[in-house]
Amino acid sequence: MNMIPRFKWLPTPYRSLLLFIVWLLLNQSAAFIHLFFGAFLAITIPWICYRLRDPQPLIQRPLLTLRYLLRVFADIVTANAEVALLILGPIKRLRPAFVRVPLDLQHNLPLTILAGTVSMTPGTVSADIYPTVEHLGPDDPLPQRWLLIHVLDLEDEAALIATIKSRYEAPLKEIFQC
Amino acid sequence: MQNWMEWAVAFFLLLGGCFVLIGSIGLVRMPDFFTRLHGPTKATTLGMGGILLGSIFYFSMSPETLSVHEMLITIFLLITAPVSAHMLIKTALHHRLKAVEHTQGEQELKRGQAFASKEGNRSETPEDQ
Amino acid sequence: METLFAICIGFLTSCGVFLMLRGRTFPVVMGLTMLSYAVNLFIFSSGRLNLKGAVVLGTSESYADPLPQALVLTAIVIGFAMTAFLVILAIRARADLGNDHVDGSMPDARPAKKERQK
Amino acid sequence: MNVLWIALLPMLGTLMPVLMANKSRNICALTTAIAPLTALVILLSLTQSVFAGHIWQFQADWIPLLGLNIHFRLDGLAYLFALLILGIGLLIILYARFYLSEQDSMPRFYAYLMLFMTAMLGIVLSGNILQIWLFWELTSISSFLLISFWWHKSEARRGARMALTITGAGGLCLLAAFILIGSIVGSYELSVVLQSAELLKNHALYPVLLILFLLGCFTKSAQFPFHFWLPNAMAAPTPVSAYLHSATMVKAGIFLLARFYPALSGTELWFLLVSLTGLTTLLVGAYLALFKHDLKALLAYSTISHLGLITLLFGLNSPLAAVTGIFHIINHATFKASLFMAAGIIDHESGCRDMRRLNGLWQFMPVTATLMMVAAAAMAGVPLLNGFLSKEMFFAETLQQNLLGALSWIIPLLVTVAAIFSVAYSLRLIHDVFFNGQPKGLTKTPHEPPHLMRLPVEILVVLCLVVGVAPALVVGGLLDAAATAVLAGPTPTYSLAIWHGFNLPLLMSAAALTAGVFMYVKRKQLFDFQNALPGVDTLNIFERAIKQLCQQAGQLYALLDNGSLQRFMALLLTAFVILAGLPLIQMETLNGGRPELPVDAVNATGAAMLLISAFATVVWHRKRVVALLMISVVGLMVSIAFTRFSAPDLALTQLSVEVVTVILLMLALFFLPHKTPKQSEPSKVVRDIGLASLVGIIVGSLSYALMTRPFTTISDFFIANAKTGGGGTNVVNVILVDFRGFDTLGEIAVLGIAALGIFKLLTRIPVFKPSSDGEGRPWARERHPLLLATVAQSILPLALMVSVFIFFRGHNLPGGGFIAGLVTAVAIILLYISQGVDWVKARMNIEYQRVVAIGLMIALFTGLASWIFGRPFLTSWFDYFDLPLFGEIELASAIAFDLGVYITVVGSTLLILSSLGKMTTSYRPTHREQM
Amino acid sequence: MLSYVIFSVFGMISLALLLNLWRLMRGPSLPDRILALDTMYINSIALIILYGLLMGSPLYFEAALLIAMIGFISTVAVCKFLLRGDIIE
Amino acid sequence: MNHLVVIPILLPMLTALLIMLPPVHYSPWRRRLVSMVSTVLLLLVSVTLLFQILADGMTFYAVGNWVPPFGIIMVADLVSAIMLCLTAFLAVGAVFYGSAGEDERGSFFHPLFQFQLMGINGAFLTGDLFNLFVFFEVLLIASYALLIHAGGKNKTKAAVHYVVLNLTGSAIFLLALAVLYGSLGTLNIADMALKVADLPPDNQILVKVGGLMLLIVFGLKAAILPLQFWLPATYSSASAPVAALFAVMTKIGVYALLRVFTTIFGEQAGPLAGLATNLMWVFGLATLFLGALGVLASKDFRKLVANLVLVSVGSLVAMVAFQNTAANAAILYYTVHSTLICGALFLLADLIAIQRGKAGDRLVAARRVSQPVLLGGLFVFAAISVAGLPPFSGFIGKLMLLQAAVGSDKQFWLWSFLLLCSLMVLVGLSRAGSTLFWRVSGMQKADERALPLQVFAVFWLLSASILMMVFAGPLTELGFAGATQLGDVIQTIRTILPASGVSL
Ligand code: NA
Ligand code: NA
């Protein structure tokens, strides 16, 4: 896990990249002035906001990230089609359930991404991550954390937990090297 | 080319419209809050993606313009929808909303509720129970 | 369309006015907000309705009237400032006077007692 | 100039006692006397010319447009009064030096006295009727101060207030009369008025103005039924009574009767009003005087009676009667002033004014007794004294009048009755005080006063004697000059002799004297009769009446203003319904003929949602959170309507304001109850629904009427000039930052001020933090949910990027500084929500009020910059630059202005929301922190 | 053809909005209502995008973007309010 | 183009901002000094402007260099210049008084005070109806914030009423604006006056509705019955310098009535000429009477003074109905007089209340004030002036009011009401004065003494009454000149809209 940026003037390189793309998307143009101004903003804005963020682990494996994103995107499409069918289908056949997933991830950003992914993909919604800071004393060591999820139609609890851990949590651990 | 684009536009718009509608139907049809949450979070997001894609194609039909900024809305929704859902479900836990009767893992629900409110003991971890 | 628009304005006004006539500060704030919507739509409508005339030069043949739009913008901002002040004033009044009645005291004693018990 | 000095010197004299406040009492009195003495000398130096008929004048412009100019005018009448005012005034100054005790503030007394003297002189010397009124009211004010000189006594305060009220009311009537006279005559100059008798008397408004005029005179001169203030004014120190209530102020009304005699008298109405009032007053005063036990009260009623006598004379519409009236003014002033002063001496040296306790004072103060006896004899009309002369002439006049036709004989009869009482009370004054056994229960042994204190009495009594013995010699010229002025023409022949032979008047005098003595001797029965009558305490009655009036006023006031906002709002809205609704009824048709746009299903859905959610907000308004959600839908639908009807800027603004409002309301709801208790009675709800419906119907109809009418507007100019003159293609934005940039400057100022005000509201607020929500649920444990915190941190730079984008495109496309500002602010607020104040404050310690100030400053200076180029404030500038690589770039001053808007909006919004948020944290703003 | 498509999608979105409103009114719980409102915000984005298509004008894009943003923030704020009362603590 | 015209708006704004920023905001005395100096400067500017207008006639300032009716203009004529001078004069008194310590009892006193001045001056100067709304809001929001200065339950309570009523008023103002814009197609007041002349009858009714709505709005600001309810509580609970400044607030309503109803609905307006005069007349008199009742009924001195404000407003609004030069001249003179004296009375009430200890300004027996001569003297002077007794400005003002009605069919009622109410005021004031200064319980005096700045402020405001007496001649002439200028709508239109081609 690495939380120290490589360049001082570019504290959050991926964020800057994202912003640069966003600027071009907003202007829908790749004219020089937009490139120039976009680059300027993509550097200055993170710099302005730098203090307004908690340090987060940096992405160590960009390519893997890309793969992860593509996979999630595909999952979203398929999962949503499933959910749509469930919604339109007979309600009585639904098997809703609450499931608790043990977490290996520790850090906020990966955790957030995981929870987000879980919410967007297979008929599940992240409900809570606990214990939280408030449950612990200031000096308590971080214990095992859990992700509580709600499943719309649960077939096999163990399989679901396994899927989540292998398909999403493991790549994230890889990406952030934590 | 034009015709192909038009078909694409029509396809994406209709697809998106359907998903949006299904999401909202889910909101109405589902028996409890927790199940209702799924429709809007997922189907609607995808539906929006469809409509925005339709829009992208539509505005890109004329040769000199390219419309891509709809991507931004999609990205934004993808980022925020899970958080909204998370906050909502936390609220539901806090308000001790009843899950529909045949929901499995009721114990997990109770535990979650206990953690959300102050009843969850400080030293209490799931292992202890 | 104009008829429907006018009905909406009238109805929003009625709702806003009714809420403003309530005895507690919060409904009054809500009423004010609602009334502001109505008033803004009213100013807007004084420039007549136009479905295809966003006043950005070069995008349409017949433009909507831009002046009422500018006026509504000013009115929205001012309305926001005023609402904000009133909201905070309501908090202050509750803190200072111990209740959220617009007159600072209950019309008769009994409901006041009830509220205190709560 | 001379006449100006006479009027001016006492005014300057007002300052003397104030300047000499630290000096000894003698010096204070002496210096005070300098001014009136000088004035008197000047006056006397003018005697010859005035008696010869010369009128001295001084004129200067003051307010020509109102006809109010400075005009002093000294003729015979003015001379007579000025002489009385200055002469007796000087004696009073001397007398008061000894009368006032060590505890009394002598400078204050003298200052008031001189102020009063100024006012009196002003009245008599004025040549402009508005100026008369000016001084007239000054006498009321100064007499209020004098009567209430011993302010710690309740009856002094109340007596003063009563005098002020009565004379003040009269004064207002008089003012109305004067303006009427002025408007009829066309001038407020006294000389013009006096020459316009026919014009005035023949005018339709003559009765009105006469009544108003007489109300002024009668209240001041204590005529029945306004007489009651005078006895109550006796709470004043005796020098005041001697001066104001015998010689001067009460004579002011009489003076006006005399002054306006040429212009207003000679009509039936004049006679009826003036003489009958005078007669009644004469009788009532004389009768009541007899039964007063208080020395000063007796004198007060006697004064009322004598004032009635003079009034009666002026009312008889006969020149000779008027002359007699003037003569009696002189005589009454001398003997009554001396009597008051003597009474004051008795009070001063014996500590008592009650005649039931004061007996046999002859043995203690023979000189004073003698003086008083002479003066009282003059009052009773004993021969060889001045009172006798004028009374004799008075009797003769009453005999000669023929105004009541066959009943004219009643007047002399009643007058004789009054004279009988007059004799009786004079006799009582002497016998009861100086003889009649031994004093009872006096706190100190009476003795003669210091000689200088007695001196004024002596002088006046000598005058009574001298005038009584040699009237023509002493006052002939004076009387003649005054009479000429009053009659404004030839004076009738009259003779000021002691002996006119045996005639009916003499018989009346003799009868009055005899019957008076008899009445005094048989006074026991009369007193018993009077005592059997219910006593009337006018002071209490008056005070109670005023108090009652105030209470009634309070009740009437409370009837309207019950302190209920709901009532006020209902009234305001009712006014709206009436004023805006009634004209609409006159309209033939609402529809103005402009074709309507077609309705489609989507718009109908939107409208339905708007209506339903608005209705739901109202229905559920007592569940506040639910109502908040419902009203959000309304806001959303309104924004969509703006989008639908070609107003993207409006939609953007409405949306961004919407979210801030919702956050604000939620912040507020934390400190407010979450539910509204049911409180309104059904009838009230029905009333409110009715009122709300009416308002809604009117507003809706108006909007419909407007929308369906074709119209031409100045907006075409904006569309035509936005690009060429304002440099932008988004016309709405160009209007905001350029055509109507001043509105925007005001608007952001409002926002900034609101933020300051909110900060102010939240300082030192006694906050209470509910520990559970409306249903008693304790708050959730997690303060800053992890997911939210992480995402919020990522959204901030995105939002900033979007802000920049929206900001820069605003001039040409929907957007602009305001919306950009709100987007930025909302993103930061999201940080506050997700991370809390402490977290943000630790990382970004900005004082938002400074941000607000800087933003406003930028906008202001952008506007001011155009001055450098010699253009008006806020004149815009823009130009296009062609740069290599970048292409054409537009630079515009509007961008700088919009930057000011942006910064102000960010600062204000954050100041508002964060100070509200801070309330529950350690960063709760305190008063000291603010600057 | 496209205009038919656009109108039918309009119809779907309108229906969706009405369904959202129904849930918002019906409740029964506050989270249900908030969820309905949140969905309504998102569906409105679709509505506005469609307006843009109808007009053939990209002027409405920012409004859609803004709704996405404020819909999120108000949902979060209301939830925070229900959870903690004090949304900025 | 005369930049002096906008300075009365920009100077207070700049001052407010300077006070909020370093280095001024660091110490109370710096803030005070800047605020006081600026206010005095404002007075000088206003007076200079007045003299310039006297010399050169009416002028306007096109903000942003856009010709009317398209851009916003500031109209500087004698009436607005007189009101500017009045405001600045009053403000000097208020800000000096406030600088004696009241300003530090809450935050942002001076910035808010200056913002309020900005709003007031803007409202007086603007020639654009929507811009008038904006400046109304500026002055209102500043007044809301100032009202709660120094805190306290009464202030909060009064503020809730004041704010809610005024917000409703603002909503109605906007509706009125929209109606007028929607039927006349313009926002410039002079242009409206021009366009109102030739309207189809149906649109006339709309314009009439708009005008009557404005009557409600301005009536609310001016506090005429039945819209006066906010006034007594608001004025009597505000802290002294704020209340003093507020004395001019109702006059803004009167000014707006005068401006709008003599210009837009002036004699050129055809069937709409003289709109609402009957209403103003009746409700003006009613307000006058209500104020006088209030003076009698008041149980504390500040409420009494607040009711005196009502009395003056009632008289003024009733006079607006006359719509002739003499009446308008009287309005101008009387406005200046009553504003300054009421302002002084609010300050004086505070001094008295401080020295009377616990009893404050309640009209009950209390301990004796520590400076009876000073305060009593000031009180008597102010009371004489405000009651319209000679020789000070009140007398001249009343004389003008009475004279203006001569020959009119309204004469009888105006005179009756004015004179009767004068008497009631006299009774009320004499009762109040004798209670405040003379009904003493216990002889011990207070230690509090009025501070020099406070005394100066009261003297300053009261000196106006003397100045207005001494220079009554030129001042009445000024009033008549201003009234003539105000009444000459055609000339106004020709000055502002030369292109309109209006001929006499
Ligand atoms: Na999921
Ligand atoms: Na006796």
Side-chain angles (χ1 to χ4, degrees), chain D residues 62-63 65-66 134 137 151 157 161 164-165 168-169 172 176 179 183 550 553-554 556-557 561 565 568 571-572 575-576 579-580 583 586-587 702 705-706 711-714 717 738-743 746 749-750 753-754 756-757 760-761 763 849-850 853 856-857 871-875 930-931, chain F residues 1 6 17 20-21 25 62-66 69-72 106-108 115 131 134-135 137-138 141-142 144-145 148 161 164-165 168 179 182 185-186 202 205-206 208-209 212-213 216 226-227 229 293-294 296-297 389-391 399 402 406 415 419 422-423 426-427 430 434 438 472-473 476:
Chain D
W62 182 19
I63 321 178
L65 279 171
L66 305 185
L134 191 159
E137 290 295 272
W151 50 263
R157 297 197 298 264
R161 283 212 304 266
L164 183 67
T165 308
L172 292 170
I179 300 180
S183 67
C550 290
L556 201 60
Y557 199 87
D561 184 354
L565 179 66
F568 305 160
L571 273 167
L572 174 62
F576 176 83
L579 290 187
Q586 302 161 4
M587 216 155 144
L702 277 172
L706 286 176
F711 86 140
T712 50
T713 149
I714 53 173
F717 176 88
D738 197 339
F739 293 112
R740 298 187 67 87
F742 211 29
D743 277 350
V750 168
I753 302 166
L756 296 190
K760 207 172 161 66
L761 271 172
T763 37
Q849 63 261 36
R850 278 192 217 169
L856 285 169
M857 203 69 122
R871 296 288 160 78
F873 181 68
L874 270 177
T875 306
Q930 57 109 352
M931 290 194 155
Chain F
M1 179 186 59
V6 278
L17 298 177
M20 286 164 71
L21 288 171
H25 86 286
V63 182
N65 211 13
W66 295 105
F70 307 108
I72 294 171
S107 9
F108 300 125
F115 275 127
N131 197 238
V134 171
F135 280 115
E137 298 302 305
V138 172
I141 187 78
Y144 302 157
I148 48 130
H161 287 198
V164 171
L165 284 170
T168 316
V179 170
T186 186
D202 262 12
I205 290 179
L206 285 179
K208 185 175 172 184
V209 172
L212 290 174
M213 285 194 211
I216 296 178
L227 312 172
F229 297 105
L293 277 184
L296 284 181
L389 293 180
L399 196 59
L402 292 171
V406 166
W415 282 28
L419 295 176
S422 290
L423 183 65
L426 185 66
V427 171
S430 64
S434 60
W438 292 338
T476 47

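Quick note: numbers below take in every heavy atom, side chains included, and nothing from hydrogens, waters or symmetry partners. Here is how names work: the chains are called A, B, and so on, in the same order as the sequence lines, proteins then strands, and each is numbered from 1.
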Sequence neighbours excluded, the answer for ring-ring contact (aromatic ring centres under 6.0 Å, His included) partners of D:F742 is D:F873, F:F135

Part of [X] lying under 4.5 Å from any heavy atom of chain D:
| X | result |
| --- | --- |
| F:L423 | both |
| F:V63 | both |
| F:A62 | backbone |
| F:V179 | both |

Any donor and acceptor pair, going by atom type alone, linking the side chain of D:R871 with main-chain N or O of F:N65 inside 3.5 Å? no

For [X] against [Y], the heavy-atom pair lying closest together:
| X | Y | result |
| --- | --- | --- |
| D:A575 | F:L227 | CB-CD2, 4.4 Å |
| D:L172 | F:L419 | CD1-O, 3.2 Å |
| D:I714 | F:P69 | CD1-O, 3.6 Å |
| D:R161 | F:S434 | NH1-OG, 2.5 Å |
| F:A472 | D:I63 | CB-CD1, 3.3 Å |
| D:G746 | F:V134 | CA-CG1, 3.7 Å |

Is the ring pair F:F229/D:F568 parallel, tilted or perpendicular, if the boundaries are 30 and 60 degrees?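 Ring orientation of F:F229 relative to D:F568: parallel.
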
Distance in Å, D:L856 CG paired with F:L21 CG, rounded so as to fall on 0.5 Å steps: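 The CG atom of D:L856 sits 9.5 Å away from the CG atom of F:L21.
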
Calculate, to the nearest 0.5 Å, the distance between atoms CG and OH belonging to F:L293 and D:Y557 respectively. 8.5 Å

Contact winner vs chain F - [options], heavy-atom pairs under 4.5 Å:
| options | value |
| --- | --- |
| D:R740, D:R850, D:Q586, D:M587 | D:R740 |
| D:G168, D:A169, D:A749 | D:A169 |
| D:D738, D:L756, D:L706, D:L702 | D:L756 |
| D:T165, D:I179, D:L164, D:L556 | D:I179 |
| D:L761, D:L874, D:D743 | D:D743 |
| D:P583, D:S183, D:A705 | D:P583 |

Chain D shares the most heavy-atom pairs under 4.5 Å, among F:A145, F:P390, F:A297, with F:P390

Residue, of F:L212, F:I205, F:V6, F:V406, that accumulates the most heavy atom pairs under 4.5 Å with chain D: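 Winner by heavy-atom pair count: F:I205.
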
Tell me, for D:T712 versus chain F, whether the close heavy atoms (under 4.5 Å) come from the side chain, the backbone, both or neither. backbone

Region of D:A176 in contact with chain F, defined by heavy-atom distances below 4.5 Å: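 Both backbone and side chain of D:A176 come within 4.5 Å of chain F.
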
